[in-house]
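See below for the structure under consideration.
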2 protein chains.
Amino acid sequence: MKTRHTQKLVTVALACMVVFMTTNAQAADPLASWNDGAAKQAIVEFVKATTTQGNPQFVPPEARIATFDQDGTLWVEHPMYTQVVYCLERVPALVKTRPELKNKEPFKTVLSGNREAMARLSQDDLMKILVATLTGMSVDDFNAETKKWIAEAKHPRWQRPYTELTYQPMQEVLQYLRANGFKTYIVTGGGQDFVRVYAEQTYGIPPEQVVGTAGGTKYGYDKDGKPFLTKEPKLLLNDNNTGKPEGIHLMIGRRPYAAFGNSTGDQQMLEYTKAGDGARLAMIVLHDDAEREYAYGPAQELPATKVGTFTQALYDEAKKNGWPVISMKNDWRVIFPFDNK
Amino acid sequence: MKTRHTQKLVTVALACMVVFMTTNAQAADPLASWNDGAAKQAIVEFVKATTTQGNPQFVPPEARIATFDQDGTLWVEHPMYTQVVYCLERVPALVKTRPELKNKEPFKTVLSGNREAMARLSQDDLMKILVATLTGMSVDDFNAETKKWIAEAKHPRWQRPYTELTYQPMQEVLQYLRANGFKTYIVTGGGQDFVRVYAEQTYGIPPEQVVGTAGGTKYGYDKDGKPFLTKEPKLLLNDNNTGKPEGIHLMIGRRPYAAFGNSTGDQQMLEYTKAGDGARLAMIVLHDDAEREYAYGPAQELPATKVGTFTQALYDEAKKNGWPVISMKNDWRVIFPFDNK
């Protein structure tokens, strides 16, 4: 009886194993939106090397950190950074509370709605608009305003919310890395507070894993004695170029094992990642698909001016250092999540 | 046959359940080092309210954030902050590389070894020593030096490494909260980089969950073109008083549901935590056990001067706001992990 009982249990256990293994074998390709090629292979081989026990390049789970630039790497950045659109569209509301700005530049130009004049605004003018629309309010008010805007605003080309214009292949990389024990971070030149508002819902990345350009806040009390934080016009971290590894140290305190970017602003993050021991992955997205998205950067039809400054020099450095370049045109079977539907 | 097979499976399943339930019932009290009382009860009730599905105060797992001051809350801060000891003990090595400091104050006094003279050093003098010993080197060199020191240094009273002088009851709170889905953070006035070196091994808290007083770093390249970060004498975050909620916003981006402190430097973190909706826990450790640890703060025998400025005013505010005060003497059955052995 004992033996028979044991046999039964063994049979059940084996049956379970078969079901489990079959399910796994039939599981969809975690990078199904990628075409086969060097880029996809680099990702799969990196994950295999760093997560296979006994592999000399095995990385313990707690050290598995992967960082992603946002604009142009995880979602569309053309023709204008989403946050800049937000700031420009906030100007009318800002002027209502601060009427003295109405006839002052650069606010006057923004209120005119003249797109050509707005396109000519200098970096200094743009900075004035950013400071005026991103600081001076409470953190709670800012979060509420941003949340409302991001739910309603639409990209001029696709007429869809910006949060739908994420790249499906990169969403798969985020999920694939997380499924393999990596903590995924956004490391963006954009505003940390801005991106945090939608990162969890859009990418599955919680606020504490968003590193971005960050200003100071000031602690105070409202008339009922309730404490709150006000966003101050004081820059703590410019999370671009050398600011990316500096921000990673400040906010994470560990060197990433994998980093993804698309512009010269990501170069130092990629270098810093690759300078670590063992298997490290640094990849760059090349926008070379004018039909399905945009083509800009080295040898592309749009000039690499205001956004996505993927220069020929960065392209050459990537090739020299062996950083795989992701061709949107050739490596991505689909671009957006809605392409699959 | 089918029925008999099914019966067997049910029997096995039931047996498993019984084993599981018995194990659970016999599981040790997660707060075994706490005496029964209001403090222990407050922690247990908070966890029950925030983690029970259907409870109106239920908090989704991703929002469960708990923050802990370190010095005086998680480990001994008397007679001197561990990091200050580190800085003072680094002075001889510093002077070897920068001999011009040898006859300059305050370094001369530190080199003299005269403890009375050292105790009279001003805050400005102390700051000079901190800046000289905590900045100017690469992040990697700093980490290596700190790691070596913390492994060897001993507390003058117990003659044990500082990392053994953590409070066992607070270690249990950390583990209990984590077992219930909370992410535990250190939010310390101490140096972020310093605490990160040992926090994972000492408290199970990874570097990215240590928020502390933080300076800037500067990205550069060594002679072989390899990038590295240098610690700069530029303060980004003074993580004390109002700096604690400001640092929490910068580094975490969410309001904690629970916060633990022991001094006026923690007051704003506790207020900010309690100002959120739903169940929020704010607790203060009172050092009232001269025999097993130290007694300082309101109505205690040691003056609340250089460390642990738990003032009468803070005590009164805690009582007014209903923040449970943890009496080390009455609420803690044991103080240190080695007391149990």
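Below, read A as the first sequence line, B as the second, and so on, with proteins coming before strands; counting in each chain starts at 1.
- The shortest side-chain heavy-atom distance between Asn321(B) and Lys274(B) does not fall under the 4.5 Å cut-off.
- For chain B, the option among Leu236(A), Thr242(A), Ile252(A) with the highest count of heavy-atom pairs below 4.5 Å is Ile252(A).
- Looking at Gln192(B), only its side chain comes within 4.5 Å of chain A, counting heavy atoms on both sides.
- When heavy atoms are compared at a cutoff of 4.5 Å, Lys183(A) approaches chain B solely by way of its side chain, counted from C-beta outward.
- Within a 6.0 Å sphere centred on OH of Tyr315(A), heavy atoms belonging to other residues, nucleotides or ligands number 12 at most.
- Remark: Arg255(B) is positioned above the aromatic ring of Tyr272(B), its terminal NZ or CZ atom under 6.0 angstrom from the ring centre and at most 45 degrees off the axis.
- Within the 4.5 Å cutoff, no side-chain heavy atoms of Leu130(A) are placed close to those of Gln83(A).
- Looking at Tyr221(B), only its side chain comes within 4.5 Å of chain A, counting heavy atoms on both sides.
- Between atom CG of residue Asp277(A) and atom CD of residue Gln57(A) there is a gap of 10.5 Å, rounded to the nearest 0.5 Å.
- For Asp224(B), no part lies under 4.5 angstrom from a heavy atom of chain A.
- Looking at heavy atoms from C-beta onward, Trp149(B) lies in side-chain contact with Thr82(B) at the 4.5 angstrom threshold.
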Under the criterion ring pair (Phe, Tyr, Trp, His ring centres under 6.0 Å), I'd like the reasoning laid out for Tyr162(A) against Tyr86(A): C-alpha separation, chi angles, the key distance, then a yes or no. CA-CA 11 Å; Tyr162(A) 291 93; Tyr86(A) 169 80; over 10 Å; no
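- Comparing Gly216(A), Pro227(A), Ala214(A), Gly215(A) by heavy-atom pairs within less than 4.5 Å of chain B, the highest count is held by Pro227(A).
- The parts of Leu250(B) that come within reach of chain A are both its backbone and its side chain, each placing non-hydrogen atoms under 4.5 angstrom from that chain.
- Only the side chain of Asp193(B) comes within less than 4.5 Å of a heavy atom of chain A; its backbone N, CA, C and O stay farther away.
- Ranking Tyr185(A), Phe228(A), Tyr219(A) against chain B, the residue ahead of the rest is Tyr219(A), based on heavy-atom pairs under 4.5 Å.
- Contact tally against chain B (heavy-atom pairs below 4.5 Å) for Gly247(A), Gly220(A), Ala275(A): the top residue is Ala275(A).
- With a 4.5 angstrom heavy-atom cutoff, Asn241(A) does not touch chain B via any of its atoms.
- The side-chain heavy atoms of Thr135(B) and Glu232(B), taken from C-beta on, include no pair separated by under 4.5 Å.
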Give the C-alpha distance, both sets of side-chain angles, the deciding distance and a yes or no for side-chain contact (heavy atoms from CB on, under 4.5 Å) between Phe194(B) and Thr188(B). CA-CA 11 Å; Phe194(B) 186 81; Thr188(B) 173; over 6 Å; no
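- Of the listed residues (Lys234(A), Lys226(A), His249(A)), the one with the most heavy-atom contacts under 4.5 Å to chain B is His249(A).
- Among the candidates Glu62(A), Gln209(A), Gln268(A), Glu200(A), the residue making the largest number of heavy-atom pairs closer than 4.5 Å to chain B is Gln268(A).
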